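Right, one structure below, let's go through it.
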Amino acid sequence: QMPASPPPRPSRPAARAGGWILPALFWTGLIVLGTAAASWWLGSPRGSKAFEVIDGDVLELRLGRGGHYEVGGAVAAVPVRFLVDTGASLTSIPQALGERIGIRACPAIGFDLSRDDEPGCCRPEVFRTANGTVEACVARVPSVRFGAFELRNPRVAVMPGMDGQALLGMDVLRHFSLVQEGGRLRISRAVR
């Protein structure tokens with residue numbers, strides 16, 4: 001007796017040519033939709049109060065030709081042009097400007113008993129910059145002003161070899177709200 005033959009297998013439909021197009025369109029559409037939603041979510045203010053400021057307390061800067069934001073101001077009432085530098089931890093001024101406003105070298109802190117916050121007293125420090133390490137000093141100045149904003153008694157780095165332009169660093173900028181959009185930087189009084 002012959003063994004019974006196995007039951008016939010159901011035949012598979014032949015794979016259609018181009019069967020990958022529909023899944024590819026689905027995933028592409030999903031990625032585009034997700035990207036658009038993320039872009040909208042990141043760009044929306046979501047209740048931020050950064051723009052709730054009193055009139056006259058907002059400064060808007062346009063991106064300059066060199067790709068930097070610049071603003072006029074003053075250090076100890078001496079006019080200066082600031083380069084806004086969010087990568088700098090401390091506002092920096094040229095040594096020539098420091099000498100002009102009466103900043104003088106003071107001994108390093110150690111056994112020295114003079115006050116660290118004495119106006120015009122510049123304490124030596126070493127800074128790491130984009131151009132390497134630089135020996136400079138840090139002093140308090142009566143004021144730093146830019147636009148309509150002013151800070152009293154801030155510390156500044158007095159840098160040798162720095163040209164006429166000063167750097168406005170995060171020690172000053174952290175007191176403000178900064179919003180950068182489309183080649184403009186909006187600086188406003190921080191909401192506390």
Side-chain angles (χ1 to χ4, degrees), residues 40-106 115-123 125 127-131 134 136-192:
W40 172 83
W41 185 80
L42 290 172
S44 68
R46 291 181 311 282
S48 169
K49 298 185 179 193
F51 294 107
E52 294 180 10
V53 295
I54 300 166
D55 286 342
D57 287 348
V58 176
L59 175 65
E60 191 170 284
L61 305 175
R62 290 184 183 185
L63 196 61
R65 284 188 217 120
H68 302 286
Y69 295 101
E70 295 182 25
V71 62
V75 175
V78 175
V80 69
R81 190 98 184 129
F82 285 110
L83 181 73
V84 178
D85 189 353
T86 56
S89 57
L90 197 59
T91 295
S92 303
I93 63 171
Q95 187 171 7
L97 175 59
E99 291 169 1
R100 183 174 171 196
I101 62 178
I103 292 177
R104 66 194 186 291
C106 292
R115 290 180 32 203
D116 179 38
D117 61 350
E118 181 184 334
C121 184
C122 205
R123 305 277 181 193
E125 282 195 32
F127 292 90
R128 289 192 186 104
T129 70
N131 299 327
V134 176
C137 65
V138 175
R140 288 211 181 268
V141 293
S143 66
V144 167
R145 183 180 55 76
F146 64 100
F149 300 119
E150 183 175 12
L151 262 69
R152 299 273 183 184
N153 299 315
R155 294 176 354 129
V156 296
V158 181
M159 306 293 279
M162 191 176 185
D163 291 336
Q165 196 166 38
L167 297 178
L168 193 60
M170 286 308 295
D171 62 314
V172 169
L173 295 171
R174 69 184 170 89
H175 297 284
F176 302 92
S177 293
L178 307 176
V179 178
Q180 185 175 350
E181 246 181 333
R184 291 173 188 253
L185 177 63
R186 187 180 175 102
I187 304 172
S188 58
R189 203 172 294 281
V191 176
R192 301 236 179 239

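Values below: all heavy atoms of this structure, side chains included; hydrogens, waters and symmetry mates excluded. Keep in mind that this is a model prediction, so the values were computed, not measured.
The backbone N or O of G169 sits less than 3.5 Å from a side-chain atom of T91, completing a donor-acceptor pair.
Scanning for side chain to side chain donor-acceptor pair (under 3.5 Å) contacts around S92 gives an empty result, with sequence neighbours left out. Residues that satisfy the side chain to side chain donor-acceptor pair (under 3.5 Å) test with Q165, not counting sequence neighbours, are E70. In terms of the side-chain contact (heavy atoms from CB on, under 4.5 Å) criterion, residue partners of A136 (sequence neighbours excluded) are, by chain and number, F127, M159, P160. Not counting sequence neighbours, E125 has no partner by the salt bridge (charged side-chain N to carboxylate O under 4.0 Å, His left out) test. Remark: A76 pairs with I101, P142 by the side-chain contact (heavy atoms from CB on, under 4.5 Å) rule, at least two apart or across chains. Here L59 pairs with L61, V71, F146, F149, I187 under the side-chain contact (heavy atoms from CB on, under 4.5 Å) rule; sequence neighbours left out. Not counting sequence neighbours, F82 has no partner by the ring-ring contact (aromatic ring centres under 6.0 Å, His included) test. For R62, there are no salt bridge (charged side-chain N to carboxylate O under 4.0 Å, His left out) partners two or more places apart in sequence or in a different chain. Under the rule for a side-chain contact (heavy atoms from CB on, under 4.5 Å), the partners of T86 that lie at least two apart in sequence or sit in another chain are M170, L173, L178.
Here the side chains of I93 and V144 are not in contact, with every heavy-atom distance at 4.5 Å or above. Contact of the V141 side chain with the P154 side chain is registered, since non-hydrogen atoms from C-beta on lie closer than 4.5 Å.
Atoms CG and CE, from L97 and M162 in turn, are 9.5 Å apart once rounded to the nearest 0.5 Å.
Counting only residues at least two apart or on different chains, no disulfide (SG to SG under 2.5 Å) pair has a member in residues 57-86. Annotation: salt bridge (charged side-chain N to carboxylate O under 4.0 Å, His left out) contacts involving residues 83-102, sequence neighbours excluded, are absent.
Minimum interatomic distance between Y69 and Q180 (heavy atoms only, all atoms of both residues): OH-NE2, 3.3 Å. Residues L90 and R155 approach most closely at CD1-O, 3.8 Å, considering heavy atoms. Here the closest heavy-atom approach between residue P94 and residue V158 is recorded as O-CG1, 4.2 Å.
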